[in-house]
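Bear in mind the structure is a predicted one, so any value in this text is a computation, not a measurement.
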Amino acid sequence: MSAQQTVIHWFRKGLRVHDNPALLAAVRCCHDSPNQFVLRPIFILDPGIIQWLRVGPNRWRFLQQSLTDLDLNLRKINSRLYVVRGNPSDVFPKLFQQWNVSLLTFEHDIEPYSLKRDATVKEQAKKYGVKIQIEKSLTIYDPDEILKKNSGKPPLTYQKYGSLAATLKVPQPVDVPEKLPTTCIPKQDVDEQKLCSCYDPPSLEELGVKIEDLGECKFPGGETEALRRLKEHMERKSWVCSFEKPNTSPNSLQPSTTVLSPYVKFGCLSARLFMQQVQNVIKGQKHSHPPVSLVGQLMWREFYYCAAAAEPNFDKMVGNSICLQVPWTTNKAHLEAWTHGQTGYPFIDAIMRQLRQEGWIHHLARHAVACFLTRGDLWISWEEGQRVFEELLLDADWALNAGNWLWLSASAFFHQYFRVYSPVAFGKKTDPEGKFIKKYVPELAKYPCGIIYEPWKASLDVQRKLGCVIGETYPKRIVIHEEIHKKNIQKMTEAYRKNKAVKEGIMKGDKDPEASNYSGKRKSSSSSTSPTSKPAAKKSKPSETIDKYFRKK
DNA sequence: TTCGAGTTGAATGT
DNA sequence: ACATTCAACTCGAA
């Protein structure tokens with residue numbers, strides 16, 4: 001009988017036992033030849049990465065909880081999680097030898113960072129004669145299949161994505177393994193028994209998390225909690241059927257949506273299972289539809305993943321083929337104020353403080369603060385906002401975070417940049433009394449509903465009586481929205497014109513771009529049927545800016 | 001080339 | 001609760 005061999009399943013994002021095809025493949029390989037294979041589910045924790053990765057304390061905790069729960073769930077089915085410390089490219093050669101590995105399975109990911117890492121691991125596996133099996137279960141639809149159907153280009157509208165996806169069959173979740181092949185450490189292997197605890201899930205301390213930096217834990221990580229939360233929401237059948245995202249409140253004290261996003265991000269919950277369960281609930285019932293329905297929300301994730309898979313620079317402006325090039329400004333003081341909820345706009349500040357404390361804010365709240373940072377008010381690059389969200393959001397996901405910032409800054413997908421959120425009016429619609437502000441900006445707790453969204457309007461006398469003087473206890477607003485948002489709309493018009501000119505210039509071989517743009521411009525103004533349009537004023541501006549642009553070149 | 005549609009705007013009307 | 005105006009974008013289909 002040959003020496004015992006090891007099958008490794010490598011957990012990265014999909015931190016779950018359910019609907020995990022790569023884990024299942026590892027299990028089946030072992031079952032095919034009992035007594036010959038040992039299964040070791042691993043997670044690799046790179047101590048080096050903890051230093052530079054942009055992960056705030058709340059998300060480290062979520063990961064820590066998810067790993068602990070995964071270990072427990074694996075132990076329930078006769079196995080355990082091996083958390084291996086080190087860099088994957090250092091870890092694997094050692095494990096391949098030490099454990100006599102013959103098969104490595106993991107879930108495919110589309111992030112450039114992952115692809116690079118996985119390419120190295122694949123090479124090493126080849127070198128050590130280890131077979132690799134990669135399964136796709138991150139998204140419901142395979143981005144590659146969508147891209148193939150669209151001649152290699154990512155669909156840039158949700159509708160288009162939907163029509164392409166509709167031609168594919170809907171993949172269903174795979175089975176949950178009942179019992180994993182034995183992975184108990186052989187009794188005779190005393191050394192390893194001793195080392196056993198060195199594979200335990202990390203403590204918060206190991207992850208460099210200081211307890212005092214943690215906020216209240218509203219959303220504990222892990223597959224168990226994910227499935228509990230899913231069940232809880234799926235039981236609200238009429239709520240599920242009538243769900244319309246734009247009608248949910250961004251500033252209610254209790255979340256108005258499922259808050260399953262952090263669980264989907266870490267793979268504690270499978271998107272396919274989520275989709276299947278929602279479909280089961282709405283089947284045969286009158287229900288809302290994409291893009292606003294719950295099914296629609298899952299499809300947005302698919303949409304962004306597909307676009308992200310097609311563009312390695314998806315999280316950047318420069319070099320990103322689908323991203324509008326905008327001359328954003330840098331303003332450290334403004335960025336700092338936004339980041340820490342000190343803009344002087346209570347609605348914006350409340351959201352940013354909730355984000356830092358709890359790691360989750362409503363989707364529409366993200367819209368409000370993202371618009372404020374970029375095209376609406378501060379004119380700061382969406383990449384800066386992306387960085388802050390990446391650190392603070394429990395559900396921070398490379399593709400979705402970038403995709404949504406592209407959307408909100410009107411850099412891709414969404415182009416109606418003249419629709420600007422008001423940092424005063426938007427929140428009032430769903431929380432006229434300002435309860436949300438009172439909770440997260442307690443300085444203003446005594447301000448009455450009439451004025452809490454714009455406390456600078458109170459006279460100094462009133463401010464004193466309300467126990468919060470603007471400019472002392474709470475900051476003066478850093479910009480005047482009513483004025484600046486109009487200027488920014490004009491800047492966006494200019495940015496769009498420049499980008500269009502460049503595009504047309506490239507298409508025509510960069511020959512005489514002025515002329516080609518001039519004709520394009522004339523067309524748009526002459527075709528205008530509006531009797532109130534002022535073609536003269538419209539005309540002078542673009543030629544100026546385009547002139548400037550091409551002089552620079 | 002033209003035209004309609006686009007998850008989630010605001011302010012002001014009815 | 002819904003309609004209009006504001007100013008005017010791009011994508012994709014016809």
Asker: Output yes when at least one side-chain N/O atom of A/Gln159 is less than 4.0 Å from OP1 or OP2 of B/dG4, else no.
Answerer: no

Asker: Under 4.0 Å: is that the gap between some side-chain N or O of A/Lys160 and OP1 or OP2 of B/dG6?
Answerer: no

Asker: Any salt bridge between A/Asp142 and A/Lys148, counting N to O under 4.0 Å?
Answerer: no

Asker: Hey, which of these two, A/Tyr496 or A/Ser163, hits DNA chain C nearer its 5' end, going by closest nucleotide?
Answerer: A/Tyr496

Asker: So, is A/Lys429 close to the B/dA11 phosphate, meaning a side-chain N or O under 4.0 Å from OP1 or OP2?
Answerer: no

Asker: Determine the interatomic distance between P on B/dG6 and the same-named atom on C/dA8; round to the nearest Å.
Answerer: 22 Å

Asker: Are A/Arg353 and A/Glu443 ion-paired here, with the side-chain N under 4.0 Å from a carboxylate O?
Answerer: yes

Asker: Between C/dA3 and B/dA5, how many Å separate the two P atoms, rounded to a whole number?
Answerer: 15 Å

Asker: When you check the gap from the basic side-chain N to the acidic O, do A/Glu390 and A/Arg387 get nearer than 4.0 Å?
Answerer: no

Asker: Taking the basic N atoms (NZ, or NE/NH1/NH2) and the acidic carboxylate oxygens, is any pair closer than 4.0 Å for A/Arg477 and A/Glu482?
Answerer: yes

Asker: Dot-bracket for DNA chain B, 5' to 3', counting Watson-Crick or G-U wobble pairs under 3.5 Å, with [ ] for crossing pairs and | for inter-strand pairs?
Answerer: ||||||..||||||

Asker: I want to check one thing: is the phosphate of C/dC6, taken as OP1 and OP2, less than 4.0 Å away from some side-chain N or O of A/Lys486?
Answerer: no

Asker: Does NZ or CZ of A/Lys491 lie under 6.0 Å from the centre of the six-membered ring of A/Trp379, at an angle within 45° of the ring axis?
Answerer: yes

Asker: Roughly how far apart, to the nearest Å, are B/dT7 and C/dA13 at atom P?
Answerer: 14 Å

Asker: A/Arg419 side chain N/O closer than 4.0 Å to the phosphate oxygens (OP1, OP2) of B/dT8?
Answerer: yes

